[in-house]
*Asks:* 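Here it is, the structure in full.
Predicted, not measured: the structure shown is a model, and the values here were computed from it.
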Amino acid sequence: MEVRVLWLLLFAGSMAQEDMNRNVFFFPRRSADDYVVLTPVVTGPLHNLTVCLRSYTDAERYALLTVGTLESRIYNMFVILQSTFIYSQTSPYQYSNIYINNMALPIPEKAVVLDWIHRCVTWDSNTGVLQLWVNGKVSPRAVLQKGFSIDLQDGISLGHMQLRYHIRQSQHRSYDRNEWDSSSLFQGEISDVHMWNEVLPPETIWQVLLNNRDINGNVISWRSLNYTINGDVTVQPKLQCRYGSESGSSYSQCSMD
């Protein structure tokens with residue numbers, strides 16, 4: 001009986017549902033064992049999508065968010081991946097790669113070093129139109145996987161991206177094996193994760209950037225988050241930030257509460 005009670009306490013300690021408005025997930029190292037799985041309120045197929053989150057890291061390549069887990073049947077159904085910096089005085093850019101159904105769309109963005117980055121991705125399945133918002137600035141429209149739907153029943157993973165191996169045991173027997181991609185493991189902080197089953201208008205996305213407490217995701221809400229921590233990820237207090245804009249650019253001022 002004592003062993004059973006201890007197991008239940010450990011299991012409960014790894015799962016939580018809470019208002020995370022003053023917190024972040026801190027990934028202390030690049031490890032396949034360290035990730036967070038979010039449980040969405042809506043699990044049916046999404047034909048429209050907006051997902052927003054904030055991140056802070058000095059890494060060059062990392063996965064922020066993946067729909068699904070290692071057990072998911074569909075490979076890289078939806079992924080936000082930050083690729084390697086291409087940084088110089090004449091070309092201070094990096095690339096965000098948005099994956100839908102394992103097809104990638106690279107989108108250039110201005111490199112931001114040692115600062116929080118707020119990203120939102122909007123996607124409409126009917127037209128395939130996708131846009132990326134980075135710190136309030138929007139990319140040109142692009143089209144990706146028109147007519148596809150995104151299934152959330154396996155949950156949403158933070159800090160990892162799937163890699164699939166096709167293993168042939170013999171001439172007539174083979175199987176696929178999923179692993180976390182070791183080249184895209186995240187190290188740093190992730191906060192303010194929200195997801196909607198609709199394409200938000202620009203004025204609402206701007207309010208999300210400003211951390212308006214009245215605007216919360218109806219699929220995933222950072223202020224009512226159901227999550228499971230794996231490995232050494234911890235919940236840490238957030239630097240309390242004030243967000244605003246000057247001359248068309250966003251800014252943040254942060255301090256400990």
*Asks:* If you link ILVMFWY side chains whenever their heavy atoms are less than 4.5 Å apart, which other residues fall into the same cluster as V199? By chain and number, please.
*Replies:*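 Members alongside V199: none; it stands by itself.
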*Asks:* Find out if a path of hydrophobic residues (ILVMFWY) with successive side-chain heavy-atom gaps under 4.5 Å connects I215 to I205.
*Replies:* yes
*Asks:* Under 3.5 Å, side chain of T57 to main-chain N/O of Q187, donor-acceptor pair present?
*Replies:* yes
*Asks:* Identify the two heavy atoms, one from S183 and one from D181, that lie closest to each other, and give their separation to 0.1 Å.
*Replies:*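 For S183 versus D181, the nearest heavy atoms are OG-OD1, 2.9 Å.
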*Asks:* With a 4.5 Å heavy-atom cut-off, do V143 and T127 have their side chains touching?
*Replies:*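 The answer is no, as the side chains (C-beta and beyond) never meet within the 4.5 Å cut-off.
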*Asks:* Would you check if Y35 and T69 make a side-chain contact, meaning some heavy-atom pair closer than 4.5 Å?
*Replies:*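 Contact flag for Y35/T69 side chains = no.
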*Asks:* Donor-acceptor pair, S191 side chain versus N23 backbone, under 3.5 Å?
*Replies:* yes
*Asks:* Is it true that V129 and W123 fall in one hydrophobic cluster, defined by side-chain heavy atoms closer than 4.5 Å?
*Replies:*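 The answer is no; the residues belong to distinct hydrophobic clusters.
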*Asks:* I'd like to know if D192 and K238 make a salt bridge, using a cut-off of under 4.0 Å between side-chain N and carboxylate O.
*Replies:* yes
*Asks:* If you take all heavy atoms of Y99 and N102, which pair is closest and at what distance?
*Replies:* CD2-C, 4.0 Å
*Asks:* Can you find a pair of side-chain heavy atoms, one from D154 and one from M77, that are under 4.5 Å apart?
*Replies:*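 A side-chain contact under 4.5 Å is absent here.
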*Asks:* Look at the side-chain heavy atoms of Ile, Leu, Val, Met, Phe, Trp and Tyr, link any pair under 4.5 Å apart, and say whether V193 and L132 land in one connected group.
*Replies:*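 Both belong to a single hydrophobic cluster.
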*Asks:* Do H194 and N216 have side chains that get closer than 4.5 Å, going by heavy atoms?
*Replies:*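 Yes, at least one pair of side-chain atoms sits under 4.5 Å.
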*Asks:* Is any side-chain heavy atom of R54 less than 4.5 Å from a side-chain heavy atom of L209?
*Replies:*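 With C-beta onward as the side chain, the pair touches.
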*Asks:* Just by modelled atom types, is the S224 backbone N or O under 3.5 Å from a matching donor or acceptor in the E18 side chain?
*Replies:* no
*Asks:* Which pair of non-hydrogen atoms, one from N48 and one from S125, has the smallest distance, and what is that distance?
*Replies:*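 Nearest heavy atoms, N48 then S125: OD1-N, 4.2 Å.
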*Asks:* Is T234 reaching over with its side chain to a backbone N or O of Q236, donor-acceptor style, under 3.5 angstrom?
*Replies:*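 Not at all, since once roles are kept as given, no pair shorter than 3.5 Å links the two residues.
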*Asks:* Do side-chain atoms of E189 reach the backbone of F25 as a donor and acceptor pair under 3.5 angstrom?
*Replies:*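 Answer holds: no.
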*Asks:* Could you check whether any side-chain heavy atom of D19 comes within less than 4.5 Å of a side-chain heavy atom of R213, counting everything from C-beta outward?
*Replies:* yes
*Asks:* Any donor-acceptor pair under 3.5 Å linking the side chain of H47 with the backbone of N197?
*Replies:*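 Not at all, since once roles are kept as given, no pair shorter than 3.5 Å links the two residues.
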*Asks:* Please say which of N230, I229, I190 ends up in a side chain to side chain contact (heavy atoms under 4.5 Å, CB included) with V36.
*Replies:* I229
*Asks:* What pairs with S96 under side chain to side chain donor-acceptor pair (under 3.5 Å), at least two apart in sequence or on another chain?
*Replies:*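 Here the qualifying residues are E109, R119.
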*Asks:* Less than 4.5 Å apart, side chain to side chain, heavy atoms only: is that true for F78 and L152?
*Replies:* no
*Asks:* Answer yes or no: is there a side-chain heavy-atom contact under 4.5 Å between D151 and I74?
*Replies:*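 Side chain of D151 against side chain of I74, heavy atoms only: no contact under 4.5 Å found.
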*Asks:* So which atom in Q162 and which in G68 form the shortest heavy-atom distance, rounded to 0.1 Å?
*Replies:* NE2-C, 4.5 Å
*Asks:* Name all pairs fulfilling the salt bridge (Lys or Arg N to Asp or Glu O under 4.0 Å) condition that reach into residues 30-42, sequence neighbours left out, sorted by first residue then second.
*Replies:* R29-D34
*Asks:* Looking only at heavy atoms, which two atoms of P202 and W133 are closest? And how far apart?
*Replies:*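 Looks like CB-CH2, 3.5 Å.
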*Asks:* Measure centre to centre between the rings of W222 and Y227, then say whether the value is under 6.0 Å.
*Replies:* no
*Asks:* Do L225 and V208 sit in the same hydrophobic cluster, where Ile, Leu, Val, Met, Phe, Trp and Tyr count as joined when their side-chain heavy atoms come under 4.5 Å apart?
*Replies:* no
*Asks:* Any Lys/Arg nitrogen of D124 or R141 sitting under 4.0 Å from an Asp/Glu carboxylate oxygen of the other?
*Replies:*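 Looking at R141 together with D124, the answer is no, because their closest N to O distance does not fall below 4.0 Å.
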*Asks:* With distance as the sole test, does Q131 use its side chain to make a donor-acceptor pair with the main-chain N or O of S139 at under 3.5 Å?
*Replies:* yes
*Asks:* Is I117 reachable from V121 through a run of hydrophobic residues whose side-chain heavy atoms are each under 4.5 Å from the next?
*Replies:* yes
